[in-house]
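Report on the structure given below.
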Amino acid sequence: SPDSNDSSTPELEKAGLLNKTKIAEGGRKLRKNWNPSWVVLVGNSLVFFKDPKSQTPSSWKPGNSCPESSVDLRGAQLQWANDLSSKKNVFKLRTVTGNEFLLQSETDSLIREWFSTIQSVIDRLNRE
Ligand code: I3P
């Protein structure tokens with residue numbers, strides 16, 4: 001399309017369902033609370049939405065797809081973290097502000113794709 005290189009329209013890199021828990025906020029440890037999350041990697045951000053399957057029909061109204069939270073990937077760190085959970089296929093994302101998230105999928109190939117795609121965005125931002 002003619003607008004595909006418009007720098008004001010960040011490129012959608014990836015979207016899908018992952019299990020997510022936040023484990024630290026500003027460096028302070030939080031109690032784990034795993035939940036399915038619709039995760040969207042767009043531009044320099046990872047954006048979290050409520051699991052569409054857990055939403056009521058009324059929450060499908062246009063304009064109600066408000067993100068739960070958004071993570072700036074600039075300066076973020078990504079590492080495999082199977083030692084931090086009894087679940088398999090877990091990685092940790094740490095932001096410069098000291099927020100930490102675990103992301104997980106039962107599907108090996110899927111979690112590897114997410115890891116490498118997020119890492120490539122972090123690497124790109126580090127080169128800027
Ligand atoms: C936690 C819950 C989490 C688990 C966590 C438990 O218990 O079972 O799923 O993390 O383990 O403490 P609660 O619901 O009572 O808070 P994983 O599934 O990632 O293992 P942890 O304390 O060893 O992190």
Side-chain angles (χ1 to χ4, degrees):
S1 78
D3 293 330
S4 61
N5 289 321
D6 181 348
S7 61
S8 68
T9 310
E11 198 177 332
L12 180 84
E13 310 255 11
K14 199 167 178 56
L17 200 60
L18 293 174
N19 295 313
K20 183 197 80 168
T21 182
K22 192 173 186 180
I23 59 164
E25 165 87 41
R28 295 177 62 126
K29 202 165 179 283
L30 297 175
R31 185 167 180 179
K32 270 183 188 162
N33 180 23
W34 284 103
N35 281 118
S37 179
W38 184 256
V39 184
V40 178
L41 180 57
V42 60
N44 303 346
S45 299
L46 200 60
V47 188
F48 301 121
F49 295 80
K50 275 206 169 125
D51 172 11
K53 289 199 291 290
S54 74
Q55 292 186 25
T56 62
S58 62
S59 70
W60 279 103
K61 284 181 295 202
N64 256 5
S65 58
C66 168
E68 287 196 307
S69 60
S70 170
V71 168
D72 182 2
L73 292 174
R74 192 179 293 276
Q77 291 179 320
L78 201 61
Q79 60 187 92
W80 291 106
N82 289 311
D83 54 326
L84 295 184
S85 175
S86 60
K87 301 180 195 302
K88 68 170 191 171
N89 297 336
V90 176
F91 63 74
K92 181 171 85 174
L93 175 66
R94 186 188 193 281
T95 68
V96 280
T97 56
N99 294 341
E100 296 183 354
F101 300 86
L102 300 182
L103 294 170
Q104 189 267 346
S105 167
E106 289 302 309
T107 309
D108 301 15
S109 57
L110 202 144
I111 200 73
R112 274 191 261 108
E113 277 177 26
W114 272 103
F115 186 95
S116 65
T117 309
I118 295 171
Q119 188 62 63
S120 70
V121 171
I122 293 171
D123 291 344
R124 167 171 59 75
L125 292 169
N126 282 340
R127 285 193 304 269
E128 281 180 10

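First listed ligand is number 1; within each ligand, the first listed atom is number 1.
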Below 4.0 angstrom from a heavy atom of Lys87, which ligand 1 atoms are there? Numbered from 1 as shown, please.
->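 Checking each atom against Lys87, I get 18 (O).
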
Should you measure from each heavy atom of Ser86, which atoms of ligand 1 turn up under 4.0 Å away?
->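 Near Ser86, meaning under 4.0 Å from one of its heavy atoms, ligand 1 has 17 (P), 18 (O), 19 (O), 20 (O).
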
Given the protein's heavy atoms, is any one of them under 4.0 Å from [atom]?
| atom | value |
| --- | --- |
| atom 19 (O) of ligand 1 | yes |
| atom 7 (O) of ligand 1 | no |
| atom 13 (P) of ligand 1 | yes |

For [atom], what is the closest protein heavy atom, and at what distance to 0.1 Å?
| atom | result |
| --- | --- |
| atom 9 (O) of ligand 1 | Trp34 CD1, 3.5 Å |
| atom 23 (O) of ligand 1 | Lys32 NZ, 4.4 Å |
| atom 15 (O) of ligand 1 | Arg31 NH2, 3.1 Å |

Check whether any side-chain heavy atom of Ile111 lies under 4.5 Å from a side-chain heavy atom of Trp80, and answer yes or no.
->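 Yes, side chains in contact.
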
Is the closest side-chain heavy-atom distance between Trp114 and Leu18 below 4.5 Å?
->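 In short, these two side chains touch, coming nearer than 4.5 Å.
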
Minimum heavy-atom distance between Glu25 and Asn99, given as atom pair plus value =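 Nearest heavy atoms, Glu25 then Asn99: CA-OD1, 3.3 Å.
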
Would you mind checking if Arg124 and Glu13 are paired as a salt bridge, meaning a charged N to carboxylate O distance below 4.0 Å?
->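 So Glu13 pairs with Arg124 through a salt bridge.
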
Measure the CD-CG distance between Gln119 and Asn126 for me, rounded to the nearest 0.5 Å.
->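 Interatomic distance, Gln119 CD to Asn126 CG, rounded to 0.5 Å: 8.0 Å.
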
Enter the distance from Leu78:CG to Ile122:CD1 here, rounded to the nearest 0.5 Å.
->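 One gets 5.0 Å once the value is rounded to the nearest 0.5 Å.
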
